[in-house]
Every structure is written in C-alpha cells, then in structure tokens.
2 protein chains.
Amino acid sequence: MVLSKACTYGILASLYVAREASRSRGYVSIGRMSEELNISFHFLTKILQQLTSAGIITSMKGPKGGVALRRDPKEISLVDVIVAIDGMGLFTDCLLGLPGCGEEKPCPVHDDWADIRASLFQAFRDKSLADTALRIDELNLRFALPTGAKAARDNAVIGRGRPE
Amino acid sequence: MVLSKACTYGILASLYVAREASRSRGYVSIGRMSEELNISFHFLTKILQQLTSAGIITSMKGPKGGVALRRDPKEISLVDVIVAIDGMGLFTDCLLGLPGCGEEKPCPVHDDWADIRASLFQAFRDKSLADTALRIDELNLRFALPTGAKAARDNAVIGRGRPE
DNA sequence: ATTAATTAAGATAAAAGAGTCTTAAATCAA
DNA sequence: TTGATTTAAGACTCTTTTATCTTAATTAAT
Ligand code: SF4
Ligand code: SF4
C-alpha cells in the first residue's frame with residue numbers, strides 16, 4: 001500500500017474538516033466525523049492527534065469541542081498531511097530498500113523511480129485541502145468509506161445539503 | 001512502503017539469478033544467494049517458491065540444485081516479479097482506498113495518481129531482468145543489502161570478479 | 001542402498017500495523 | 001459546583017507481515 005491506512009484516513013478527515021470549515025464556523029466533532037466517514041472513532045482520534053502535534057489542526061475539549069484547521073485550507077497541502085502521518089519516506093525512500101543509494105551509485109531503477117516519486121510529491125504538494133475539498137463539492141463526489149449496509153445508507157452521496 | 005519487503009527481496013533475487021545465469025550455467029543455490037544478498041535463507045526460500053509457482057523460475061532439489069530462470073531474462077520484466085509477489089494492487093488500487101472508484105466518479109487525486117501509477121507500471125514493464133542486471137554490471141553497482149559488520153565486509157561491491 | 005545436499009512445506013515466533021477499550025483531563029452549561 | 005460532553009493518552013487486542021525453525025521430500029554422488 002502506498003499510503004498507510006492511517007494516512008488515507010487522515011487525508012479524508014482533513015478534507016472533511018476543510019469542507020465543514022467553509023460552511024459553518026467552529027470546531028468539528030470527531031464523533032460526528034467518524035460516523036460520517038465511517039472510520040473507527042478511537043482510531044481517527046489518534047490520527048487527528050498526530051495532525052494536531054504536527055500543527056495542522058487544533059483541538060478543543062468539552063461540549064462544542066472538536067478539531068479545526070490551524071491554517072487557511074488554501075495553505076495546507078496534501079503533502080503536509082501525508083508527511084505528518086507517514087513521514088517523508090514515500091518521497092525519499094529507495095524503492096528497493098538499498099541503503100545509502102543516491103545519484104552517485106544509483107540502483108538500476110533509480111532514474112524512473114526518482115522521476116515518479118518527484119511527480120508524486122509535486123502532485124500532492126500542489127493540491128491544497130481547499131482545492132481538493134472544493135472539487136469534491138463541484139463533482140458531487142462521494143467521500144466516506146462505505147462498509148456494510150449502514151454505510152450504504154449513510155454514505156450514499158455526501159456533498160449535497162444534509163439535514164440539520 | 002511501495003513494495004513489500006518480500007517483493008524487493010524477490011526483485012533482488014531475480015536480478016541475482018539473472019546475473020549468475022549469464023556467466024555460469026546451472027542452478028543457483030538459494031543458500032549462497034541468501035548469504036550474498038544478506039537475506040534470511042528461509043524467508044528467501046519462501047519468496048522464491050512464489051516465483052516458482054508464478055512460473056518465473058524453476059527449482060531443483062538435491063546437490064547441484066537451486067533455482068534458475070524459467071524464461072529468457074530478456075523476456076522477464078520487473079512487473080512480472082512484482083505482480084507475482086505483491087499482486088497487481090500497486091497498479092490498480094485506489095490511492096485513498098475508496099472502493100468502486102474510477103473514471104466516472106473519480107476522487108480528487110484521481111487524475112494525478114492514475115498518471116503516476118501508469119508511469120510506474122510502464123517503467124517496470126519496460127525493464128527486463130536482463131537489462132537491469134546488465135546495468136548493474138556496467139555501472140559496477142552494489143547489489144546486496146548491507147547490514148552489520150559482516151555485511152560491510154561481504155557486500156562491499158558486487159559486480160567485480162569474485163574468488164572461486 | 002546410503003549419504004549428503006538442497007528445496008518444499010508447514011508450524012511457530014516476533015514485529016509492525018490497525019483497531020478497540022478504558023481512564024483521565026479539559027471545557028461548557030446549568 | 002456539578003454533570004455532561006468531548007478530546008488526550010495509554011493499555012490492550014487482532015491481523016498481517018516478516019522472519020525463524022523443524023521436518024519432509026527430492027536429487028546427486030559414492
Ligand atoms: S531508485 Fe534510487 S533511491 Fe531507489 S533503490 Fe535505486 S538508487 Fe536507491
Ligand atoms: S485516484 Fe482514482 S483510484 Fe485513486 S481514490 Fe481517486 S478515484 Fe479512486
């Protein structure tokens with residue numbers, strides 16, 4: 001898997017928060033988010049804690065508490081989120097696991113992999129949470145992870161007006 | 001990690017076999033290979049068993065036994081090895097883990113990721129074991145995974161004439 | 001045939017990743 | 001202040017991956 005599960009959850013959650021932030025001010029409840037995204041509450045909490053200590057989100061305890069983006073969603077890239085959870089490995093590691101590799105003594109697949117991982121980095125760096133979340137709304141995309149019957153009911157399409 | 005450890009070992013081993021095949025005929029001993037590549041013998045054996053059942057290598061028991069490539073190394077691509085061990089997932093899976101994604105309702109990072117994974121596939125498909133192993137010799141590259149003192153001694157540079 | 005060498009196969013163990021549960025700490029509202 | 005709500009933190013469990021160990025099966029050489 002290219003991104004760890006925790007990392008994809010983190011991205012999804014970040015996008016969710018960015019989306020919520022653009023419509024209603026205040027903190028987004030992790031409980032609610034975990035339900036809508038269909039991600040285990042406690043697991044999601046842990047992931048968000050990583051994002052908190054990475055300075056990407058802030059959190060607040062108590063009623064009306066939750067999490068919120070710390071900076072303008074336009075200024076937060078997907079790379080920021082990925083690095084906060086999975087680290088830079090994806091963009092720096094050697095594909096074949098040979099230590100100490102580099103330009104001097106590159107392994108046989110170096111050139112291709114170096115290009116590809118640079119493209120990956122560039123793509124994620126150029127994609128802000130704001131842009132990405134916006135496109136979700138524009139394209140009326142689904143968002144949450146469907147699992148089971150409940151999921152099929154709940155997550156049909158997110159991005160249209162929801163009750164409440 | 002993009003490729004599983006087993007998969008990188010499989011690639012390394014395949015290249016090793018391709019390299020040996022080009023100089024001395026016959027089967028390559030897994031025991032010797034595991035020492036030179038610094039990969040656990042039993043683990044490597046299992047990985048090679050996967051390559052065997054995938055039809056990439058043949059094996060032979062007993063003295064003078066070992067493994068050998070089943071086809072011409074020019075006709076075996078890195079994709080073949082990767083798919084045999086890790087499956088097609090890397091080249092088909094959704095980056096964000098959203099099920100049922102595709103061209104119709106693509107997630108926000110679809111276009112970039114689709115391009116990138118296609119490049120990945122192409123790069124690995126166009127790289128044969130023969131080409132890759134050859135380049136290892138040409139560039140006088142190191143090959144094995146160094147670990148610990150013994151490794152530093154043994155694996156200094158492979159690709160030059162070895163004794164015996 | 002016997003023996004040694006070597007891969008096959010399966011059981012087991014250790015490590016890492018993913019997920020759950022419990023308790024504590026902070027915050028708001030009454 | 002009290003109680004309800006919500007995140008923080010850590011212990012714990014489950015699963016997958018990685019690695020090891022043991023036993024069997026096959027082959028070559030004597
Ligand atoms: S592609 Fe570059 S970083 Fe990756 S193994 Fe080869 S030399 Fe190392
Ligand atoms: S990039 Fe394509 S395959 Fe990956 S999550 Fe988005 S829609 Fe799915």
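Each chain gets a letter, A, B and so on, in the order the sequences are listed, and its residues count up from 1. Heavy atoms only: backbone and side chains are in, while hydrogens, waters and symmetry mates are out. Since we're looking at a predicted model, the values are computed, not measured.
Put simply, B/Lys5 has a side-chain N or O that comes within less than 4.0 Å of OP1 or OP2 on D/dA19. Side-chain N/O atoms of A/Tyr9 include one lying less than 4.0 angstrom from OP1 or OP2 on C/dG19. Between D/dT18 and B/Ser40, no contact under 4.0 Å exists linking OP1 or OP2 to a side-chain N or O.
In this structure, the CD1 atom of A/Ile39 is 11 Å from the P atom of C/dT20, given to the nearest Å. Taking atom CG of A/Asn38 as the reference point, atom C1' of C/dG19 lies 14 Å away to the nearest angstrom. The distance between atom CG of A/Leu3 and atom P of C/dG17, rounded to the nearest whole Å, is 14 Å. Regarding A/Met60, its CE atom lies at a distance of 15 Å from the C1' atom of D/dA8, rounded to whole Å. Between A/Lys61 atom NZ and D/dT6 atom P the separation is 14 Å, expressed in whole Å. Taking atom NZ of A/Lys64 as the reference point, atom P of C/dA29 lies 8 Å away to the nearest angstrom. Rounded to an integer number of Å, the gap from CZ of B/Arg32 to P of C/dT6 is 11 Å.
Comparing D/dA25, C/dA18, D/dA28 by their nearest atom to the side chain of A/Phe43 picks out C/dA18. With D/dT18, D/dA4, D/dT27 as the choices, the nucleotide that has an atom nearest any side-chain atom of B/Ser4 turns out to be D/dT18.
Within 3.5 Å, no donor on the side chain of B/His42 pairs with an acceptor on the base of C/dT7, nor the reverse.
Of all heavy-atom pairs between A/Ile30 and A/Phe41, the closest is CG2-CE1, 3.7 Å. The shortest heavy-atom contact between A/Leu15 and A/Ala133 is CD2-N, 3.9 Å. B/Ser77 and B/Arg125 get closest at one heavy-atom pair: CB-O, 3.3 Å. Scanning both residues, A/Gly66 and A/Tyr27, for their nearest heavy atoms gives O-CD2, 3.5 Å.
Taken residue by residue, residues 44-58 of chain B places heavy atoms nearer than 4.0 Å to DNA chain D at B/Lys46.
At least one side-chain heavy atom of A/Phe121 sits under 4.5 Å from a side-chain heavy atom of A/Met88.
For A/Arg70, the CZ atom is loosely surrounded, since the number of other residues' heavy atoms within 6.0 Å does not exceed 12.
Nucleic acid contact class of B/Phe41 (heavy atoms, under 4.0 Å, all strands): base.
Taking a cutoff of 4.0 Å between a charged side-chain nitrogen and a carboxylate oxygen, A/Arg117 and A/Asp112 do not qualify as a salt bridge.
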